[in-house]
Amino acid sequence: MNEPHTSEAKPLDFIRQIVARDRESGKHPAPITRFPPEPNGFLHIGHAKSICLNFGIAGEFQGRCHLRFDDTNPTKEEEAYVTSIKEDVRWLGFDWGEHLYFASDYFEQLYQFAEQLIEQGNAYVCDLSAEQIRQLRGTLTEPGTNSPYRDRPVSENLDLFRRMRAGEFDDGSRVLRAKIDMGSPVVLMRDPVLYRILRAHHHRTGDRWCIYPMYDFTHCLSDMLESITHSLCTLEFQDNRALYDWVLDTLHTPIHPRQYEFARLNLSYTVMSKRKLRLLIENGLVDGWDDPRMLTISGLRRRGYTPRAIRGFCEEIGVGKKQSWIDMGVLENAVRNDLNEHAPRAMAVLKPLTVIIDNYPDDQVEMVTAANHPKRPELGNRELPFSREILIEQDDFMEDPPAKFFRLGPGREVRLRYGYNITCTGYEKDPETGEISVVHCTYDPASKGGTPEGRKVKGVIHWLSAAHARPCAVVLYDRLFMEEDPESDKETEFTEHLNPDSRRLLQGCYMEPALADLPIGKPVQFERQGYFCKDQRQEDPLAPLFNRTVTLRDSWAKLSQK
Ligand code: ATP
Ligand code: MG
């Protein structure tokens with residue numbers, strides 16, 4: 001679905017300005033971008049920013065965007081991650097068409113380019129260990145020292161490199177390095193490693209290779225082989241640009257894509273890197289990559305986020321060059337606004353309390369009409385059964401309410417949403433627990449369709465007919481971390497800042513009968529409660545489990561203003 005996601009009125013961000021300029025000048029009439037994930041984990045909301053940028057540009061400027069797996073690190077990568085990444089990109093609404101690529105498909109070509117560098121005298125085989133290479137690299141203030149193997153003749157380098165490929169040497173015993181400048185102010189340019197020996201099974205190339213190219217060598221050449229016009233990455237790769245350009249310049253490639261860096265997404269109240277997310281999973285602190293509290297695309301999907309909300313969020317935060325933090329509330333608001341507009345309304349009672357309407361006929365059931373959306377009549381109505389015994393929320397009744405409590409209490413009148421006005425005439429308590437077990441009310445038959453003229457009733461509450469309500473359970477999800485930046489304090493593990501209330505399971509809830517047919521994952525607003533969707537994993541066929549996507553209001557904003 002390569003459609004523009006940016007509204008016309010918004011000024012173009014600096015990358016789109018470059019793309020637009022290159023199109024106008026005829027340099028690149030149709031941009032070719034790529035999204036290059038490493039298949040070593042699931043995608044997160046940070047990746048969504050990059051996906052929306054790369055695929056967004058392709059759509060808006062009539063170009064195309066490739067999905068390319070940067071699979072050069074076989075010890076960490078798996079086919080299952082490839083599958084999930086493809087699913088997530090598609091779910092976000094983007095399509096790479098025929099342009100699905102794997103860096104591993106280029107291994108032979110990359111190897112040939114490496115031989116070319118050696119033949120040109122621009123690369124050499126180095127026998128230093130990783131530790132020795134590190135020691136001779138120098139620091140930000142001191143230049144590095146040349147490797148004793150730096151001046152090996154071309155023929156020896158070529159021979160050794162071929163034997164590295166043939167598997168004659170042990171893992172880690174030799175590397176191929178670019179011969180650039182050990183005194184370069186850019187540390188990355190001090191004869192970086194291009195190839196290493198690693199006997200690891202690759203999820204695509206199997207055991208065909210025992211040498212693997214490094215990221216900096218692979219990435220620029222993959223971009224070049226795919227004729228990428230604008231290679232977009234995050235700011236940490238600024239220094240890598242020199243090497244990116246060096247490789248392509250030195251090999252005199254016919255095509256030389258340009259790398260542009262933008263600020264990565266940093267979000268408060270979460271951790272983003274795959275390494276940290278994996279740690280949460282491995283320590284059993286969350287329940288997998290798609291735990292609804294994880295800021296992974298699959299977690300957000302399971303939580304009830306819509307692709308439209310995520311795309312809207314990415315559009316709202318924009319693309320810039322300055323590092324910044326986005327408040328989690330911005331993401332939550334994006335989904336809240338989206339669901340407010342699109343999610344149908346329904347009623348569910350999470351902590352039920354029985355109300356008996358004593359003056360309502362015992363055996364009578366009538367249907368009342370409820371709007372599926374208060375502002376969108378085109379979404380239609382539904383019929384709800386009303387009867388003598390109903391369920392309301394425990395919190396909507398107080399034995400001895402303060403004046404400002406506009407819900408039910410002895411002698412007080414409230415309106416049942418879409419139903420009648422009821423007045424409380426008494427209540428019963430459980431003799432053992434002392435808890436209120438039943439509330440007695442009378443209803444006003446004249447209040448069908450609205451409170452009669454001249455009478456004021458401030459409270460409107462939701463309800464269900466007890467005989468018709470269906471059981472369900474809900475998980476009230478909240479932010480996974482309590483600290484704005486769980487990683488700020490270097491002394492404390494970020495896992496110390498987990499929110500103990502990030503997952504609260506409520507059982508014994510009830511929902512209106514029609515929700516039995518609600519498809520998994522489809523969002524719904526439980527009136528007065530928040531937005532919910534049925535979880536992807538259902539264990540009890542008689543009581544579906546709902547995930548709370550987001551509350552109706554930003555409860556954290558209130559807290560921080562206190
Ligand atoms: P992580 O550090 O979370 O593992 P990564 O950058 O190593 O992320 P890759 O699979 O290599 O993950 O990333 C694929 C693309 O997504 C890269 O182009 C990268 O720049 C981009 N990306 C990753 N994280 C973010 C982020 N927080 N904001 C914007 N883009 C991101
Ligand atoms: Mg990475």
Side-chain angles (χ1 to χ4, degrees), residues 13-15 33-58 65-78 80-86 88-89 92 94 96 101-104 203 214-216 218-220 222-223 226 228 230-241 244 257-281 289 294-300 310-311 313-328 330-331 485-487 494:
D13 59 62
F14 80 98
I15 291 182
T33 55
R34 85 285 169 270
F35 173 63
E38 184 181 352
N40 62 350
F42 280 48
L43 297 181
H44 52 61
I45 184 74
H47 293 116
K49 174 172 178 172
S50 175
I51 293 169
C52 288
L53 176 65
N54 280 293
F55 281 95
I57 285 176
C65 180
H66 299 181
L67 175 62
R68 183 202 313 140
F69 288 94
D70 171 25
D71 55 348
T72 55
N73 192 359
T75 53
K76 298 210 173 127
E77 296 159 5
E78 279 177 36
Y81 296 137
V82 171
T83 308
S84 80
I85 290 171
K86 289 202 283 198
D88 288 350
V89 175
L92 278 174
F94 299 107
W96 51 88
Y101 302 102
F102 292 84
S104 56
H203 67 107
M214 303 301 286
Y215 168 85
D216 285 304
T218 310
H219 200 77
C220 55
S222 304
D223 280 351
E226 292 173 23
I228 300 300
H230 303 81
S231 179
L232 312 177
C233 62
T234 40
L235 284 173
E236 320 83 81
F237 290 92
Q238 214 154 9
D239 276 358
N240 303 60
R241 181 168 11 107
Y244 186 107
R258 290 294 156 194
Q259 175 181 306
Y260 299 96
E261 306 92 18
F262 63 95
R264 69 191 291 111
L265 168 64
N266 294 312
L267 203 57
S268 66
Y269 295 97
T270 190
V271 293
M272 197 86 93
S273 98
K274 280 179 276 192
R275 200 176 59 77
K276 301 258 163 71
L277 299 179
R278 185 174 296 111
L279 212 75
L280 291 171
I281 298 167
W289 286 101
M294 293 272 265
L295 277 268
T296 52
I297 306 293
S298 51
L300 290 168
I310 296 177
R311 290 195 307 258
F313 167 73
C314 292
E315 185 181 330
E316 185 182 343
I317 59 173
V319 175
K321 259 187 174 306
K322 239 180 57 209
Q323 291 291 8
S324 67
W325 281 80
I326 302 292
D327 192 88
M328 180 70 96
V330 177
L331 177 65
D485 179 6
E487 295 165 284
F494 72 97

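Since the model is a prediction, treat every value here as computed from it, not as a measurement. Read the numbers this way: they start at 1 and go in the same order the structure lists the ligands and their atoms.
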TODO: Provide the number and element of each atom of ligand 1 under 4.0 Å from a heavy atom of M272.
DONE: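 Near M272, meaning under 4.0 Å from one of its heavy atoms, ligand 1 has 3 (O).
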Task: Contacting atoms of ligand 1, where contact means under 4.0 angstrom from a heavy atom of P36 - done: 14 (C), 18 (O)
Under 3.5 Å: N/O of [X] near N/O of ligand 1:
{"X": "F237", "result": "no"}
{"X": "S273", "result": "no"}
{"X": "K49", "result": "no"}
{"X": "T234", "result": "yes"}
{"X": "G46", "result": "yes"}

Min side-chain heavy-atom separation [X]-[Y] under 4.5 Å:
{"X": "K276", "Y": "E487", "result": "yes"}
{"X": "C52", "Y": "E315", "result": "no"}
{"X": "D88", "Y": "I51", "result": "no"}
{"X": "V89", "Y": "W96", "result": "yes"}

Open item on the list: Could you check whether H66 and E226, counting side-chain N and O atoms only, form a donor-acceptor pair closer than 3.5 Å?
Closed with: yes
Task: Donor-acceptor pair between Q259 and E261 side chains, under 3.5 angstrom - done: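 Yes, side-chain donor-acceptor contact under 3.5 Å.
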Task: Mode of H44 contact toward ligand 1 - side chain, backbone, both, neither (heavy atoms, under 4.0 Å) - done: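 Within the 4.0 Å criterion, H44 contacts ligand 1 through side-chain atoms alone.
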Open item on the list: Can you check which of H219, H47, R34 brings a heavy atom nearest to atom 22 (N) of ligand 1?
Closed with: H47
Open item on the list: Less than 4.0 angstrom from a charged side-chain N to a carboxylate O is my criterion; do K274 and E38 meet it?
Closed with: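 Salt bridge absent between K274 and E38.
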